[in-house]
There are 2 protein chains.
Amino acid sequence: MQGDAARSFRDLCEEHGIAVTHQRQVLYEVMRAMSGHPSPEEIYAGVRQRIPTISLATVYKNIHLFVESGVLREVSLHHGTVRVEMTGHEHHHVVCSKCKSISDIDESELGLIPKQDRLPGGFLVERYAVDVIGLCANCQQS
Amino acid sequence: MQGDAARSFRDLCEEHGIAVTHQRQVLYEVMRAMSGHPSPEEIYAGVRQRIPTISLATVYKNIHLFVESGVLREVSLHHGTVRVEMTGHEHHHVVCSKCKSISDIDESELGLIPKQDRLPGGFLVERYAVDVIGLCANCQQS
DNA sequence: TTGCGTGCAAACTGTTTGCAACTTA
DNA sequence: TAAGTTGCAAACAGTTTGCACGCAA
């Protein structure tokens with residue numbers, strides 16, 4: 001397992017021509033293990049458990065690098081800080097407008113979205129990001 | 001026209017129990033006249049043409065107020081700063097992942113999205129916000 | 001008149017940058 | 001060894017807050 005993850009990360013770096021450093025490897029593993037949509041601070045806290053001397057600046061620099069490489073995806077969720085998630089299976093987000101909690105929803109649960117590859121005007125579609133906004137079960141009570 | 005806008009703004013304030021100040025009225029009119037998804041700074045710049053002494057803090061405070069009242073909607077678009085838009089006809093957003101430009105797209109142009117009022121788990125849906133992410137015509141050339 | 005709203009300045013938060021020391025390839 | 005990466009500290013941008021004064025109701 002460890003071996004597999006290490007290998008694929010090594011490959012990933014090779015693909016994108018970036019160096020394999022201890023920090024990056026741990027960052028990657030920590031983010032893999034984190035569910036949800038962690039903020040840079042949360043990732044920083046996680047990595048610090050294994051590399052106490054890591055700098056927040058390094059975390060930011062590598063988050064950007066990973067986003068550019070396509071390892072991470074930047075998620076835009078009516079939030080104050082940056083949130084990221086590992087790129088993986090297609091899903092969308094359910095956001096409570098009151099408590100701001102976020103959960104994932106599978107595309108199949110949402111009902112099929114009629115996707116177009118190209119929009120009038122020549123826009124080339126990469127993906128659709130759907131946020132379902134409303135009230136979660138808890139917040140409906142108040 | 002002027003009269004209508006002033007009247008409806010007055011009503012809006014009454015509905016929400018907030019005072020009608022000169023600043024708020026101008027803010028509202030300026031934002032109405034702005035197309036797209038202005039940032040607080042842009043709104044500030046616009047209002048300053050008519051009230052040069054207005055404070056940025058006032059702009060922020062009233063943006064929050066308007067968002068809470070439902071006059072404005074906070075838009076979440078892979079951007080560094082807050083963006084808002086007037087609430088009005090339903091539309092979604094097309095975002096270029098390279099140059100970060102944003103344009104609106106009407107729901108009808110997008111193809112129908114099968115909307116549910118409730119999601120498994122009891123989540124009560126208010127609305128769907130769809131971001132179509134990809135490359136605009138310009139950015140495809142490079 | 002009373003309380004809400006404004007403007008100012010200072011504080012804060014999240015993020016970015018410059019640079020010397022150190023690792024990776 | 002050369003190029004890329006790290007950690008630190010300082011700089012920044014956007015946003016928020018506290019408070020005295022002023023205006024709407």
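So that the names make sense, note that chain A is the first sequence line, chain B the second, and so on, each numbered from 1.
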Going 5' to 3' through nucleotides 19-25 of chain C, assign each nucleotide B (protein heavy atom under 4.0 Å from a base atom), S (under 4.0 Å only from sugar-phosphate atoms) or - (no protein heavy atom that close).
-> -----SS

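- Atom-to-atom, CG of B/Asn62 to P of D/dT16 comes out at 13 Å; the value is rounded to the nearest Å.
- Regarding contacts with the backbone of D/dG7, a side-chain N or O of A/Gln23 is found under 4.0 angstrom from either OP1 or OP2.
- Taking atom OH of residue B/Tyr28 and atom C1' of nucleotide C/dG5, one finds them 20 Å apart after rounding to whole Å.
- In the model, B/Tyr28 has no side-chain atom that pairs as donor or acceptor with a side-chain atom of B/Arg24 under 3.5 Å.
- Rounded to an integer number of Å, the gap from CD1 of A/Ile51 to P of D/dC8 is 12 Å.
- Atom-to-atom, CD1 of B/Ile54 to P of C/dG5 comes out at 14 Å; the value is rounded to the nearest Å.
- Taking the nucleotide of DNA chain C with the nearest heavy atom to each of A/Ala57 and A/Glu41, the more 5' of the two is matched to A/Glu41.
- The shortest heavy-atom contact between A/Pro40 and A/Val59 is O-CG1, 4.0 Å.
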Stepwise, does the side-chain contact (heavy atoms from CB on, under 4.5 Å) test hold for B/Met31 with B/Phe66?
-> CA-CA 11 Å; B/Met31 290 190 299; B/Phe66 288 164; 3.3 Å; yes

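- To the nearest 0.5 Å, atoms CG (A/Leu119) and CG (B/Leu110) are separated by 7.0 Å.
- Atom P of nucleotide D/dT15 and atom OH of B/Tyr44 are separated by 14 Å, given to the nearest angstrom.
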Based on Watson-Crick and G-U pairs with both distances under 3.5 Å, what dot-bracket line describes DNA chain D 5' to 3', crossing pairs as [ ] and inter-strand pairs as |?
-> |||||||||||||||||||||||||

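- With sequence neighbours excluded, the residues forming a side-chain hydrogen bond (donor to acceptor under 3.5 Å, both in side chains) with B/Gln140 are A/Arg118, listed by chain and number.
- Within the 4.0 Å cut-off from OP1 or OP2 of C/dT6, at least one side-chain nitrogen or oxygen of B/Arg24 is found.
- Counting any heavy atom pair closer than 4.0 Å across all strands shown, A/Ser39 reaches no nucleic acid atom.
- One interatomic measurement links the two molecules: CD of A/Glu42 to P of C/dT15, which rounds to 11 Å at whole-angstrom precision.
- In the set D/dT15, C/dC8, D/dG7, the nucleotide with an atom closest to the side chain of B/Val82 is D/dT15.
- Counting all heavy atoms, side chain and backbone alike, A/Phe123 lies closest to B/Val95 at CZ-O, 3.4 Å.
- A straight line from CD1 of B/Ile43 to C1' of D/dT15 spans 14 Å, rounded to a whole angstrom.
- A salt bridge is defined here as a Lys NZ or Arg NE, NH1 or NH2 lying under 4.0 Å from an Asp or Glu carboxylate O, and A/Arg127 with A/Glu107 fails to meet this definition.
- Geometrically, B/Arg48 engages B/Tyr44 in a cation-pi contact defined by less than 6.0 Å to the ring centre and at most 45° from the axis.
- Residue B/His64 places none of its side-chain N or O atoms closer than 4.0 Å to OP1 or OP2 of D/dT15.
- When rounded to the nearest whole Å, the span between OH of B/Tyr60 and P of C/dC8 equals 16 Å.
- Among the heavy atoms of the strands lying under 4.0 Å from A/Leu56 is at least one base atom, whether or not backbone atoms are also near.
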Check the pair A/His37, A/Asp104 against side chain to side chain donor-acceptor pair (under 3.5 Å), reporting the backbone distance first and the verdict last.
-> CA-CA 10 Å; A/His37 314 90; A/Asp104 290 350; 2.8 Å; yes

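- Classification of the A/His93-A/His91 ring pair by plane angle, with boundaries at 30° and 60°, yields perpendicular.
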